[in-house]
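This report refers to the structure that appears directly beneath it.
Atoms considered below: every heavy atom in the structure, side chains included; atoms not considered: hydrogens, waters and symmetry mates. Because the structure is a prediction, the values reported are computed rather than measured.
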There are 4 protein chains.
Amino acid sequence: MGDTETRSAGRPRSTEKDAAILRAALELLASHGYTRMSLSQVAAAAQVSKSTIHLRWKTKADLLTAALAAVRMADAPPPSGDTRADLTAILEDFAATVERVNGMALIGTCLAEEAHTPELLALLRERTVLPRRALLRQVLEQARDRGEIRPDADPEAAVSALLGPFYADYMAGRSGRTGWAGDAVDLVLAGLDAAGR
Amino acid sequence: MGDTETRSAGRPRSTEKDAAILRAALELLASHGYTRMSLSQVAAAAQVSKSTIHLRWKTKADLLTAALAAVRMADAPPPSGDTRADLTAILEDFAATVERVNGMALIGTCLAEEAHTPELLALLRERTVLPRRALLRQVLEQARDRGEIRPDADPEAAVSALLGPFYADYMAGRSGRTGWAGDAVDLVLAGLDAAGR
Amino acid sequence: MGDTETRSAGRPRSTEKDAAILRAALELLASHGYTRMSLSQVAAAAQVSKSTIHLRWKTKADLLTAALAAVRMADAPPPSGDTRADLTAILEDFAATVERVNGMALIGTCLAEEAHTPELLALLRERTVLPRRALLRQVLEQARDRGEIRPDADPEAAVSALLGPFYADYMAGRSGRTGWAGDAVDLVLAGLDAAGR
Amino acid sequence: MGDTETRSAGRPRSTEKDAAILRAALELLASHGYTRMSLSQVAAAAQVSKSTIHLRWKTKADLLTAALAAVRMADAPPPSGDTRADLTAILEDFAATVERVNGMALIGTCLAEEAHTPELLALLRERTVLPRRALLRQVLEQARDRGEIRPDADPEAAVSALLGPFYADYMAGRSGRTGWAGDAVDLVLAGLDAAGR
DNA sequence: TATGAATGAGTGTTCATTCAT
DNA sequence: CATGAATGAACACTCATTCAT
């Protein structure tokens, strides 16, 4: 109302419903997985009819792709300049986020569906994995510029060394180990110590 | 008569069919995921009727649990005594195995199904993840005994630091990066250097 | 706009299909029995997809319960005041109805399923057996009020004596014996003669 | 052993197994109904393999026909000469037998299967219904010979009048009504009183 | 003879999608 | 736009029956 922008005739699509559908779809994707969730469940959770979903997205894959595309990494904690503290904060925020949104199940779904619906994993990468890696890389580059770590260190490998223990712990059933982030940071900083060996 | 060896009556169960079913089930589990694969597909791939599957395993979950339970870590390369070389060999064997059996999709399925069929992830852990971690830990403990790494190092954290980069790389779309294993070993050995910092 | 009459949104449910499904279900229930009939058969007979059935009734038992619930005793012939004639008319209408709808098979199904799906027999009782018994009892009570039968006679026992021979004849393979109704009425009226013995 | 009668070569069929199978089949027929019972259940209950059943009876219908053919009415109580007491005793024995063997469910199954497997109802009639009717008829004929009931009375109709209330009561949910047998006998004897009306 | 393996047909039910209002 | 009806394909699982030992 009061909106004078050009728009197509007829009743405009409700953006509240758009959002409700996407939110419900994402939650079900994480909790039930791609194939086990049903559009009926999404419709019920979003309080719309199944047809309303199909009106917006042609297929189930389209809907879930859109739902994943709407995922955004939450704002990162502001850097303090202390390399060790900043890296640890990013890693702990990562772990907390994964836990909060049932992230390992979501990751599992995207991995399991990779052969069938590769967009899912691609989107997960683009929206969550790569942005977080960029944050970590940034801190590492600053540290390198300040001479805290070796100039020839491969930053991508270092980022994987920081994040990796989280996944490895989960696979081992050691999820939620306290101090993992600090340990990872210690190890990487020690390994890349500017003093070398 | 006189032969009292135990031999069960009736037609013996075909071990070829046993194997064909389990093989087909595992392949389909990795390529399609738990819910997307069907027992009809398994039956067709194993050249067997669906009932033949049900004769052996009561439910789909039973079959796939058995298929996963049959997965065994391939025999590890014999240790050479050279810590760096031994760790690298184990990690490279790990990566090769994962690639060979479409392992990330399998892992994804187990993660995605964790809420619904937790046996899958539990078995994957028991049969593949934990045995490999044990191998790595063994090498690390020998290194510690020889004074190559700090005596107070947490071996489990070190194992996660060795394996983790593989997962992190995969999630970042950097799978197959050559030298990842060596990099990880270097980092861990440098970080745990007996000399300390 | 301005028309606020309640009319539910979306495509209305076809009442022809409702009726066709219930009719087909009842016929198959009588001719094949509960377990031998299949929803596919109902769907085919009603010219409807199986899903259309499931849209209306969640389970097979629900459908057949509804089909039985839709059975209604046909309107009874109006009482003439002549006790003998009225009782005979009710009994003959009963026999005709049973024959028309393959009633003994239907009764058999309900009896056979009593342990597994007791609703069937309960509904058959409620919708057909008890209403007819009420009609008979009403005529008997009027006869008693007019002094035609003993005042201390148990009306329920008399009703069972009137209806019973039909079942007993059927079990003996003597179904369709002409005059059974008149015989039963004669016997009961003679036995309950006000004059006593 | 010691049996010198001619018999076919090979191991003779175990008659214990024959009996165990038939007994199990009959019990399951009464408790689950024709279509709901399975040959696996029979095999398990009789402690034989399914094949052992098929070796003796070609099909499920054959087996159940044989099982019903083995049913025999238990020996009737000896007649005392007292018409009223003898009729009542037969009816009460009937009701007790039906209750003991889950007879209404068995009757229901035979009725429900009449269109598909008419042998079942035919056998039930031949082995249980008609013999009992013969007993009742015999008592009635003696009563007629002694002049206790009218000579022109139709004995078959009278038999149906004696047995019928049991079925009618069951259908009305009034099963187990005490005194039903005495009531039925009273009614019939009163109605057929030699004195006429 | 007796067993257990093997099978093809069939079950009720679910679901993504399309259709009519 | 939004809804609920309708559908066809698919699913896991069961069963009477036949086959091989």
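One atom, CG of D:Leu28, and another, C1' of F:dA16, lie 15 Å apart when rounded to the nearest Å. Counting to the nearest Å, the P atom of F:dA5 and the CD1 atom of C:Ile53 are 15 Å from each other. As rounded to whole Å, 13 Å separates atom C1' of F:dA12 from atom NE2 of B:His116. One can place CD of D:Glu16 at 14 Å from C1' of E:dT1, the figure rounded to the nearest angstrom. Between C:Leu55 atom CG and F:dA5 atom P there is a gap of 5 Å when expressed in whole angstrom units. Spacing between atom CD1 of C:Ile21 and atom C1' of F:dT7 amounts to 12 Å, rounded to whole angstrom units. Nucleotide F:dC13 holds its C1' atom 15 Å from the CG atom of B:Leu64, rounded to whole Å.
Here the closest non-hydrogen pair linking C:Val42 and C:Ala24 is O-CB, 4.0 Å. In terms of heavy atoms, C:Ala112 sits closest to D:Gly108 at CB-C, 3.8 Å. Here the closest non-hydrogen pair linking D:Gln41 and D:Arg36 is OE1-O, 3.9 Å. Between B:Leu64 and B:Ala25, the shortest heavy-atom distance links the atoms CD2-CB, 3.8 Å.
Dashed line: the shortest gap from a side-chain N or O of A:Thr52 to OP1 or OP2 of F:dA2 is not under 4.0 Å. Distances shown here put every side-chain N or O of C:Arg11 at or beyond 4.0 Å from the OP1 or OP2 atom of E:dC19. A close approach under 4.0 Å does occur between a side-chain nitrogen or oxygen of D:Arg56 and OP1 or OP2 of E:dA2.
Listed for the A:Asp62 side chain is no donor-acceptor partner under 3.5 Å among the backbone atoms of A:Trp57. With hydrogens and angles disregarded, no donor-acceptor distance shorter than 3.5 Å links the side chain of D:Lys17 to the backbone of D:Ala46.
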Give the dot-bracket string for DNA chain E, reading 5' to 3', where a pair is Watson-Crick or G-U wobble with both distances under 3.5 Å, ( ) marks pairs inside the strand, [ ] marks pairs crossing earlier ones, | marks a partner on another strand, and . marks unpaired. .||||||||||||||||||||
Please evaluate residues D:Leu68 and D:Cys110 with respect to the criterion side-chain contact (heavy atoms from CB on, under 4.5 Å), reporting the C-alpha separation (whole Å), side-chain torsions for both, the decisive distance (0.1 Å), and the verdict. CA-CA 10 Å; D:Leu68 265 180; D:Cys110 294; 3.7 Å; yes
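Closest to the side chain of C:Pro12, from the set F:dA6, F:dT3, E:dT21, is E:dT21. Comparing E:dA6, E:dT3, F:dC1 by their nearest atom to the side chain of B:Ser49 picks out E:dA6.
Salt-bridge check for C:Arg56 with C:Asp18: passed, with a basic side-chain N closer than 4.0 Å to an acidic carboxylate O.
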Atom pairs under 3.5 Å: protein N/O with N/O of nucleotides 12-15 of chain E:
unit_1	atom_1	unit_2	atom_2	d
E:dG12	OP1	C:Met37	O	3.4
E:dG12	OP1	C:Lys60	NZ	3.0
E:dG12	OP2	C:Leu39	N	2.9
E:dT13	OP2	C:Lys60	N	2.9
E:dT13	O4	C:Lys50	NZ	2.9
E:dC15	N4	C:Ser51	OG	3.2

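Between D:Leu29 and D:Met37 the shortest side-chain heavy-atom distance falls below 4.5 Å.
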